[in-house]
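Numbering of ligands and ligand atoms starts at 1, following listing order. Computed from heavy atoms alone, side chains included, the values below leave out hydrogens, waters and symmetry copies.
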Amino acid sequence: MEYTSTRNNKIRVSSAQTISQGISKEGGLFVPCSFPQFSLETIKNMVSMSYIERAKLILKEYLTDFSEDEINYCVEGAYEASKFSSSKIAPVVNVNKNENILELWHGPTCAFKDMALQLLPYLMTVSAKKAADGKTIVILVATSGDTGKAALEGFKNVENTKILVFYPVDGVSDMQKLQMATQEGENVAVCAINGNFDDAQSAVKAIFTNDDIKDKLAEKNMMFSSANSINWGRLLPQIVYYFSAYCDMAEQRKINVGDEINFVVPTGNFGNILAAYYAIKMGLPVKKLICASNSNNVLTDFLTTGKYNKNRNFYTTTSPSMDILISSNLERLLYHISGDNDGLINELMDSLNSKGEYCVDEKMIADIKKYFSAGFATEGDVENTIREQFENYSYLLDTHSAVAVKVYLDYVNKTGDDVPTVIDSTASPYKFSKAVLNAVKSGNINSADEFDMVDELNKVSSLEVPEPLKSLKNKTVRFTDVCNKSDMSEMVFRLLKL
Ligand SMILES: *Cc1c(COP(=O)(O)O)cnc(C)c1O
């Protein structure tokens with residue numbers, strides 16, 4: 001398996017290079033040159049497998065420069081039973097009729113990012129040995145909340161790596177902030193920035209591709225890599241749970257192998273839903289991918305009109321991990337849909353950079369619509385959906401997952417589609433206790449303290465509080481730095497003690 005870049009498709013690199021480098025030199029994103037095919041027969045065989053076995057089968061098709069032992073080591077380490085609060089790793093729960101929830105938050109930081117970021121450090125260290133001759137890998141992360149914590153937890157004390165995380169100072173929940181500020185480990189640092197997620201992401205991308213900074217690092221035998229979903233090593237593990245959810249639906253006899261299902265994905269940077277698209281390219285029978293946005297509905301507009309325009313109000317919502325106006329992984333979709341047209345991608349991305357917008361032609365948006373449908377939920381919708389789903393079905397959703405459920409219900413109303421559907425649930429409701437409690441109790445909350453709210457939500461719902469969140473209460477705050485986005489590169493040097 002070889003990989004190329006969305007902005008220069010003459011490039012050919014191995015998976016080890018793709019993962020250790022993170023982003024291509026000219027700023028493009030790495031994509032596989034082809035997609036391995038999974039027949040219905042193979043999928044049938046996967047139904048009786050464990051999550052770990054399913055993961056191995058998929059990974060070995062993409063990591064052809066890894067030995068079988070290396071793949072086993074990576075997958076078994078990442079999804080070790082003690083790290084996940086569900087033996088299924090990513091269980092599918094039926095809520096009502098065709099509405100099934102794929103719970104992706106049973107990992108150590110209680111958000112779906114763990115699904116990839118428990119595996120990435122293994123992939124990264126194996127890749128670095130093959131492709132980066134012993135250099136220390138410096139992971140730079142821009143986070144809207146969940147990636148930061150999940151990456152810190154995944155990379156903490158991993159040999160030959162350092163990790164620096166930047167998050168928008170007012171753009172994450174109190175629980176997310178506390179999770180990052182109390183992070184343990186010798187090789188970790190965290191800094192807030194005055195700005196939003198897009199500011200953090202743009203600055204991190206600029207640092208990555210800045211030759212002066214790269215040279216300074218190289219002098220110290222260090223190199224940058226990325227744990228954001230621009231890194232292929234983040235997307236690959238996510239393909240697994242689409243196959244796994246499909247197999248679980250078959251195992252639960254909700255479908256027969258070969259039947260189509262829908263997936264609904266609460267979307268920000270387009271990584272999670274892109275992994276679902278890759279699963280389709282590999283042969284998974286899917287009718288529609290439904291892209292769910294919050295009030296920052298730039299993707300809803302794009303997927304309905306073909307016009308991407310980030311020049312609009314930025315809203316800080318109760319689903320902060322989706323407060324994004326520059327959706328990085330869309331670039332990969334555009335590359336594939338356009339028939340690997342790197343020239344077009346350069347044009348579109350230049351336009352996005354200079355004018356904040358781009359437009360694709362009618363054929364292209366029609367091709368995209370064959371796979372994708374889209375909708376968005378307002379803040380009021382999110383609140384009502386959390387309350388109604390809890391009152392009607394005793395199922396407690398977090399704010400991001402509620403966006404997805406609302407968009408799904410709208411989709412069914414509009415289309416009458418009665419195909420069994422799997423909705424990605426991307427975070428534990430306890431990560432967003434304030435908003436969830438507010439919804440469930442219609443604003444009658446007793447306390448303003450984060451941990452009191454967790455307790456209150458636990459009393460109301462009897463849903464168990466995840467251990468990693470409970471234990472935060474007694475941890476020491478280690479990181480309190482805040483910097484301006486223009487000072488981020490300086491901060492990188494300071495944190496790396498260069
Ligand atoms: C990151 C995140 C999302 C968005 O995922 P993308 O891959 O960026 O589209 C949705 N919900 C939660 C809870 C997240 O942490």
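No hydrogens or angles considered: nothing links the side chains of Tyr315 and Asn296 as a donor-acceptor pair under 3.5 Å.
Pairs of residues two or more places apart, or lying in two chains, that qualify as side-chain hydrogen bond (donor to acceptor under 3.5 Å, both in side chains) and include a residue from residues 161-170 are Thr161-Asn187.
Ring geometry for His336 versus Tyr277: interplanar angle of 30 to 60°, hence tilted. Classified by interplanar angle (parallel below 30°, tilted 30° to 60°, perpendicular above 60°), the ring pair Trp232/Tyr3 is tilted.
Among all non-hydrogen protein atoms, the one lying nearest atom 9 (O) of ligand 1 is Gly268 N, 2.8 Å. For atom 8 (O) of ligand 1, the closest non-hydrogen atom on the protein side is Asn269 N, 2.8 Å.
For Lys475, the side chain to side chain contact (heavy atoms under 4.5 Å, CB included) partners two or more places apart in sequence, or in a different chain, are Thr182, Glu184, Ser471.
Ligand-side atoms of ligand 1 in range of Thr267: 9 (O), range being under 4.0 angstrom from any heavy atom. Listed by number with element, the atoms of ligand 1 under 4.0 angstrom from any heavy atom of Gly271 are 6 (P), 7 (O), 9 (O). Taking every heavy atom of Ala427 and a limit of under 4.0 angstrom, the matching atoms of ligand 1 come to 13 (C).
The closest non-hydrogen atom to atom 7 (O) of ligand 1, taken over Asn272, Asp146, Asn228, Thr399, comes from Asn272.
The shortest separation from a heavy atom of Pro266 to ligand 1 is under 4.0 Å, placing the residue in contact.
Of the options Asp398, Asp114, Asp174, Asp146, a salt bridge (charged side-chain N to carboxylate O under 4.0 Å, His left out) to Lys431 is made by Asp146 and by none of the others.
Using a 4.0 Å cut-off between heavy atoms, Phe270 contacts ligand 1 through its backbone alone, with no side-chain atom that close. Residue Lys113 touches ligand 1 through its side chain alone, judged by heavy-atom distances below 4.0 Å.
The shortest N or O to N or O distance between Thr426 and ligand 1 is under 3.5 Å.
Counting only heavy atoms from C-beta outward, the side chains of Phe38 and Ile58 approach each other to under 4.5 Å.
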